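Written out below as C-alpha cells is the structure these notes cover.
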Amino acid sequence: MRVIDMHYLIIGNSAAGVFAAETIRGLDPDGQITMISNEDCLPYSRCLTSYYLGNEISEEMMYIRDKAFYTETGIDFQVGYVERVDPDSKSVLLESGEKVIYDKLLIATGSSPFNPPLEGSDIGGIFELRTLGDAKAVAEFAPKAKNAVVMGAGLVGLKGAHGLHELGINVTIVGSAPQVLRHSIDIESAEILTRLLEEDGYRVHINTRVTKVLGEEDADGRMSVSGVLLNTGEKIPCQMIIRAVGVRPNVKLVRDSGVAVNYGIIVDEEMQTSVKDIYAAGDVAEAFDLLTGEKGVNAIWPSATEQGIIAGCNMAGVKRNYQGSLALNSAVICGVGIISAGLVNLPSGEGSVLRASEPDKNFYRKFVIKDGCLVGMIMVGDIEGAGILSGLIRKKAKVDVKYLQHMLVNPIEYPGYLPVERGGQ
Amino acid sequence: MQKLFFITKRCDGCQACEVACLEKHSQSQSIFMTKMEQPSPQPRIKVKKSGSHYWATVCQHCTDSMCVRACMTGAMQYSLTGEVSHNTNKCVGCWMCIMVCPLGAITTLNEAKKASKCDLCKDEMTPPCAASCSRQALFYGTPEEYEMKVAGD
Ligand SMILES: Cc1cc2nc3c(=O)[nH]c(=O)nc-3n(C[C@H](O)[C@H](O)[C@H](O)COP(=O)(O)OP(=O)(O)OC[C@H]3O[C@@H](n4cnc5c(N)ncnc54)[C@H](O)[C@@H]3O)c2cc1C
C-alpha cells in the first residue's frame with residue numbers, strides 16, 4: 001500500500017516560509033509542499049528595500065533565492081491572499097474564493113506597518129517601506145522631492161532615511177522616543193548615532209511627534225505633501241513622507257478560527273499554535289524570550305529563519321524545540337557599525353554594567369551582566385567578534401568577568417574554549 | 001564534506017597559514033605585492049596566542065549555521081556538498097553574520113563593505129593554509145578522517 005504523501009501548506013514566502021520549506025524538503029523528499037503568498041515574486045529580503053531605494057543594489061540582488069528555487073525544491077508556488085484559516089475542514093480560503101486543503105499548515109504571514117490615525121494622511125506623497133512594491137513606489141516618487149520626513153527612528157526609519165539620503169534628499173527623522181533605536185540600544189550609543197547622522201546632514205528630532213501632514217495642490221490639481229507640523233509647533237517643509245513608526249503581526253486570517261492570538265499568534269516550543277497541525281513562525285508568531293521567558297514577538301530576520309527551521313522540523317515529524325528568541329540587531333549608520341544583543345537596558349538596581357566609551361572615535365562597548373551571566377551587549381565601531389558575545393549570551397553560562405573586562409577595550413577573539421567560570425553551566 | 005580542523009597542541013604559532021591564505025586571496029597571488037593592493041586583502045584564518053597555547057580561528061562550516069540563518073541577503077548559503085559558501089556579490093556588509101558567528105570566524109572588509117570568511121579554496125586540492133603548515137596543525141579532511149587522525153596522535 002502506498003503511503004499518501006503529506007501535504008504541507010505554507011502561507012508567506014519570506015524568511016520564515018522559505019527556511020521552513022527548505023527544512024521540510026530536506027526531511028521529507030516526497031511530501032507535497034505548497035506556498036501561497038500575495039506577493040507574486042521570488043522570495044526577497046525586505047531588509048534590503050532601503051538599499052534598493054538608495055540605488056546601492058539592483059532589484060536582482062533583493063532576491064534571497066534564485067529563479068530555480070521553486071522548481072528545484074519541488075514547491076508548488078501559488079499567488080493568492082489567504083482570507084481565512086478553517087481548522088475544522090483543514091483548509092484555507094483564498095480571496096479568489098479558492099479553497100486549499102492541508103495536512104500541516106504554517107502561517108508565516110509576517111507583519112505590516114502600523115499607522116496610528118494622523119490628520120492629512122490621505123494626501124499624496126506619503127509612503128511606507130515594507131515591500132519591494134513600497135520601495136519601488138518610493139524610488140519612483142523620490143526624484144520629485146528635495147526634502148523628506150521620516151516618521152519613526154527605529155531600524156526601519158533609520159534605514160529608510162539612509163536610502164533617501166543616498167539619493168541626495170534632505171532627510172528629517174522624527175521619533176517620539178527619547179532616543180533613536182529605542183528598542184535595541186541604550187541612550188549613550190544612541191547619542192553617538194544621532195551625532196553621526198547630524199554630521200552627515202540629517203536632521204534628527206527625538207521626543208517629537210508629527211501631529212499633522214500639510215498639503216498643497218500640485219500641478220495636476222491633486223493634493224500633495226508640502227510639509228509636516230510637529231507637536232512643538234515647528235513646521236518642516238517636505239515633499240514626501242515615509243511612515244515607519246512600527247509594525248503589527250498579520251493575524252487577521254485566523255480571527256475566529258480557534259487559533260489563539262495575543263499580540264501575535266501564540267506558539268509553543270515546537271512552533272505549534274493552540275490548534276494541532278497549525279504552526280506559526282516569524283514576525284507573526286508570538287514565541288518566548290530566551291532570557292526572560294516572557295511571551296513576545298521578536299520581529300527580526302534571524303528569529304524568523306530560525307523559527308521557520310524549527311517549525312519545518314516539527315511539521316515533518318522531527319521533534320525540535322525552540323530555545324527562545326534573542327534580541328539581535330545589526331545596523332550600519334553613516335558607515336559606522338552597531339550591533340546589540342540581549343537585554344541592553346536592565347531596570348536600575350539589577351545586574352551590573354561594563355562600559356568603554358570613546359565617542360570621538362565612534363567607539364562604544366557595553367556589556368550587561370546579571371547573576372554572573374552576560375545577558376546583553378552593545379558594540380559601536382569595531383564590531384568584529386560580536387557573535388562570540390551573543391553566543392555567550394545564548395549559552396546563559398557564568399562568564400569569566402576578567403575575560404569580559406579584557407574584551408571591553410581589545411579586539412574580541414575566541415580563545416579556543418568557552419570563557420566561562422568553573423562550576424558554570 | 002571536507003573542512004579545516006585545527007590541532008592546538010601541534011601549533012607553534014608560526015602563522016604560515018595566515019600568510020598562505022593572504023597570498024591566495026590577493027589579486028596578485030604574490031605575498032610581496034599584497035601590501036600594495038586596494039582593497040587590501042585579509043587572511044581568513046587568524047592565529048592568536050591564548051594562554052599557553054595558540055588558537056586558529058577559521059570558519060567551521062557548521063551544519064546548522066547561525067550565519068546562514070542571520071544573513072539577510074541570501075549571500076550565506078549551503079553549497080550542495082554542505083559547506084557554507086559566501087557569495088560576495090550578494091553581500092552588502094550588514095554584519096548580521098558577524099553578529100551571530102560564535103567563533104568570530106567572519107571578518108569585515110570595510111573598504112569593500114563585504115564580510116569575509118574561509119571558502120576552503122575549492123580550486124585547490126588542499127587549501128594553501130593546510131599545505132603550508134609544517135607542523136600539520138591544520139588538517140583538511142572529513143570529520144571522520146579527522147577523528148582517525150587525532151586518535152592516532
Ligand atoms: C525596511 C526594513 C528593514 C529591515 N531591516 C532588518 C534588519 O536589518 N535586520 C533584521 O533582523 N530585520 C530587519 N527587518 C525585519 C525583517 O524584514 C522581518 O523580521 C522579516 O522579514 C520577517 O520575516 P517573515 O517571514 O516572518 O515575514 P515577512 O517578511 O513579513 O513576509 C510575510 C509574507 O507573507 C505574505 N502574506 C501576509 N499575509 C498574507 C496572506 N493573508 N495571504 C498570503 N500571503 C500573505 C506577505 O505578503 C509576505 O510576502 C526589516 C524590515 C523592514 C521592513
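Nothing here was measured: the structure is a model prediction, and the numbers come from that model.
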- Query: For Lys122(B), does the NZ atom have more than 12 heavy-atom neighbours from other residues, nucleotides or ligands under 6.0 Å away?
  - Reply: yes
Turns out that what part of Ile309(A) lies under 4.5 Å from chain B's heavy atoms comes down to side chain
With chain B, the option among Gly391(A), Ser390(A), Gly387(A) that has the most non-hydrogen atom pairs under 4.5 Å is Gly387(A)
*asked:* Quick check: do Arg394(A) and Met66(B) have side-chain heavy atoms less than 4.5 Å from each other?
replied: yes
Note: vs chain A, highest number of non-hydrogen pairs under 4.5 angstrom among Ile106(B), Thr57(B), Thr8(B), Thr107(B) is Thr107(B)
task = Return yes if a side-chain donor-acceptor contact under 3.5 Å exists between Glu384(A) and Thr108(B), otherwise no.
result = yes
ask   = Does CD in Glu60(A) sit with more than 12 non-hydrogen atoms of other residues, nucleotides or ligands closer than 6.0 Å?
value = no
Nearest heavy-atom contact between Ser50(B) and Pro415(A) is OG-O, 2.7 Å
Q. Hey, is NZ on Lys114(B) packed in by over 12 heavy atoms from elsewhere, all under 6.0 Å?
A. yes
Expected contact set for residues 86-100 of chain B against chain A at heavy-atom separation under 4.5 Å reads Asn89(B), Lys90(B), Val92(B), Gly93(B), Cys94(B), Trp95(B), Met96(B), Ile98(B), Met99(B), Val100(B)
Check your understanding: Just wondering, more than 12 heavy atoms not from Gln323(A) lying within 6.0 Å of its CD?
Key -> no
Okay, Asp382(A) and chain B: the region with an atom under 4.5 Å from a heavy atom over there is neither
Rounding to 0.5 Å, atoms CE (Met72(B)) and CG (Leu48(A)) come to a distance of 4.5 Å
Scored by heavy-atom pairs under 4.5 Å with chain A, the best of Gly51(B), Ala56(B), Pro102(B) is Pro102(B)
Cut-off 4.5 Å, heavy atoms of chain A, and the answer for Thr73(B) is both
Side chain Gln77(B), main chain Arg65(A), donor-acceptor under 3.5 Å: no
If one checks every heavy atom of Cys67(B) against chain A at 4.5 Å, the contacting part turns out to be neither
Contacts satisfying ring-ring contact (aromatic ring centres under 6.0 Å, His included) that involve residues 35-61 of chain B (not counting sequence neighbours) are Tyr414(A)-Trp55(B), Phe6(B)-Trp55(B)
Worksheet item: If you count the non-hydrogen atoms of other residues, nucleotides and ligands that lie under 6.0 Å from CE in Met1(B), is the total more than 12?
Response: yes
In terms of heavy-atom pairs under 4.5 Å with chain B, the winner among Ile412(A), Val18(A), Leu328(A) is Leu328(A)
Can you tell me if NZ on Lys402(A) sees more than 12 non-hydrogen neighbours from other groups inside 6.0 Å? no
Bottom line for Ile339(A): the part with an atom under 4.5 Å from chain B's heavy atoms is side chain
